Amino acid sequence: AMRNLPYFCRGEVVKGFGRGSKELGIPTANFSEQVVESFPSDIPTGIYYGWACVGNGDVHKMVLSIGWNPFYKNIKKSVETHIIHTFKEDFYGEILSIVITGYIRPEKNFDSLDALISAIQEDIEEAKRQLDLPEHLKLKEDNFFHLPEGKIVNNH
């Protein structure tokens with residue numbers, strides 16, 4: 001897994017493929033290409049967990065996928081964050097701040113959408129368990145999540 005954890009990252013949320021919510025019932029926030037390209041190139045692809053915050057909102061548990069999404073045969077690497085929280089509306093254009101604290105598993109291909117969905121559900125449960133451990137929980141309070149005034153987007 002990734003040596004340089006925790007990894008702190010912040011960037012604007014852009015429209016992705018629109019598949020997460022529609023096909024999977026698991027909405028994900030996509031970072032812009034610039035943010036994805038700024039990730040260390042030696043980060044192994046796979047599923048990670050950590051903390052996420054939209055704008056200056058609350059900090060929530062999250063699961064993160066870094067990779068080529070073999071199921072969808074992507075040609076560009078993507079970094080997608082599923083925040084374990086229900087938001088009333090989407091937040092394109094908002095600033096998403098994340099801290100990646102741990103690694104769950106490598107990326108793998110699935111024979112079916114159902115198999116993919118159940119794997120993601122397991123990843124979410126694993127993330128919830130890990131993030132309750134003290135060494136991960138303490139990062140929830142990190143100052144990184146307090147955006148300086150003036151960085152607040154769309155009055156949130």
Side-chain angles (χ1 to χ4, degrees), residues 1-33 35-55 57-137 139-140 142 144-145:
M2 203 163 142
R3 285 179 308 282
N4 34 1
L5 289 182
Y7 181 73
F8 294 79
C9 175
R10 176 177 288 143
E12 191 178 335
V13 176
V14 300
K15 270 199 189 308
F17 299 101
R19 289 188 298 235
S21 337
K22 291 186 193 64
E23 286 186 26
L24 304 175
I26 301 162
T28 58
N30 295 67
F31 280 122
S32 69
E33 266 175 54
V35 175
V36 175
E37 282 161 12
S38 74
F39 268 63
S41 53
D42 62 349
I43 290 185
T45 58
I47 310 299
Y48 293 83
Y49 58 83
W51 300 102
C53 174
V54 178
D58 295 333
V59 179
H60 300 287
K61 294 177 177 179
M62 65 79 169
V63 173
L64 179 98
S65 153
I66 301 177
W68 307 96
N69 282 342
F71 186 79
Y72 289 111
K73 304 189 170 40
N74 285 354
I75 47 169
K76 268 198 157 52
K77 202 182 215 181
S78 72
V79 175
E80 297 181 53
T81 304
H82 168 67
I83 302 173
I84 304 173
H85 175 76
T86 305
F87 289 91
K88 290 185 204 46
E89 64 248 356
D90 57 40
F91 40 83
Y92 300 123
E94 296 280 8
I95 298 297
L96 174 64
S97 304
I98 64 167
V99 177
I100 304 172
T101 64
Y103 177 78
I104 298 178
R105 63 173 174 85
E107 206 176 17
K108 53 178 187 262
N109 205 344
F110 294 93
D111 302 333
S112 68
L113 208 53
D114 285 346
L116 172 60
I117 291 169
S118 70
I120 295 171
Q121 297 295 357
E122 284 168 32
D123 297 335
I124 289 170
E125 291 312 309
E126 177 67 9
K128 287 179 179 171
R129 278 194 298 274
Q130 295 291 338
L131 289 163
D132 282 338
L133 300 173
E135 71 264 29
H136 297 305
L137 200 53
L139 282 153
K140 182 180 184 177
D142 198 277
F144 176 72
F145 288 119

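All figures in this text were calculated on a predicted structure; none of them were measured in a lab.
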Any side-chain donor near an acceptor of the partner, Gln121 and Glu125, under 3.5 Å: no
Value rounded to 0.5 Å, distance of CE in Met62 from OG1 in Thr28: 12.5 Å
Side-chain heavy-atom pair His82, Asp123 within 4.5 angstrom cut-off: no
Step-by-step side-chain contact (heavy atoms from CB on, under 4.5 Å) determination, Ile95 to Ser97: CA-CA 6 Å; Ile95 298 297; Ser97 304; 4.3 Å; yes
Stepwise side-chain contact (heavy atoms from CB on, under 4.5 Å) test for Val99 and Tyr7: CA-CA 6 Å; Val99 177; Tyr7 181 73; over 6 Å; no
Nearest heavy-atom neighbours spanning Cys53 and Val59: CB-CG2, 4.1 Å
Val35 backbone acceptor or donor facing Arg10 side chain under 3.5 Å: no
Main-chain N/O of Lys128 paired to Lys61 side chain as donor or acceptor, under 3.5 Å: yes
Atom pair OH/CD1 of Tyr49 and Ile100 - distance to nearest 0.5 Å: 11.5 Å
Point-to-point distance, once rounded to the nearest 0.5 Å, from OG1 of Thr101 to CG of Leu139: 6.5 Å
Distance flag, aromatic centroids of Phe87 and His60, threshold under 6.0 Å: yes
Ring geometry between Phe31 and Phe39 (parallel below 30°, tilted from 30 to 60°, perpendicular above 60°): tilted
Atom of Gly46, atom of Tyr103 and distance for their closest heavy-atom approach: CA-CE1, 4.4 Å
Ile84 side chain reached by Val63 side chain, heavy atoms, under 4.5 Å: yes
side-chain contact (heavy atoms from CB on, under 4.5 Å) assessment of Val14 paired with Glu33: CA-CA 9 Å; Val14 300; Glu33 266 175 54; over 6 Å; no
Taking every non-hydrogen atom, the tightest pair across Gly50 and Leu131: O-CD1, 3.2 Å
Nearest heavy-atom neighbours spanning Ala29 and Phe91: CB-CE1, 3.7 Å
Contact summary for Glu80 and Asn30, nearest pair of heavy atoms: CG-ND2, 3.5 Å
Value rounded to 0.5 Å, distance of CZ in Phe8 from CH2 in Trp51: 13.0 Å
Considering all heavy atoms, the nearest Ile83-Ala52 contact: CG1-CB, 3.9 Å
Gap between atom OH of Tyr48 and atom CG of Leu5 - 0.5 Å precision: 6.5 Å
Nearest-0.5 Å distance that lies between atom CD in Glu126 and atom CD1 in Ile104: 5.5 Å
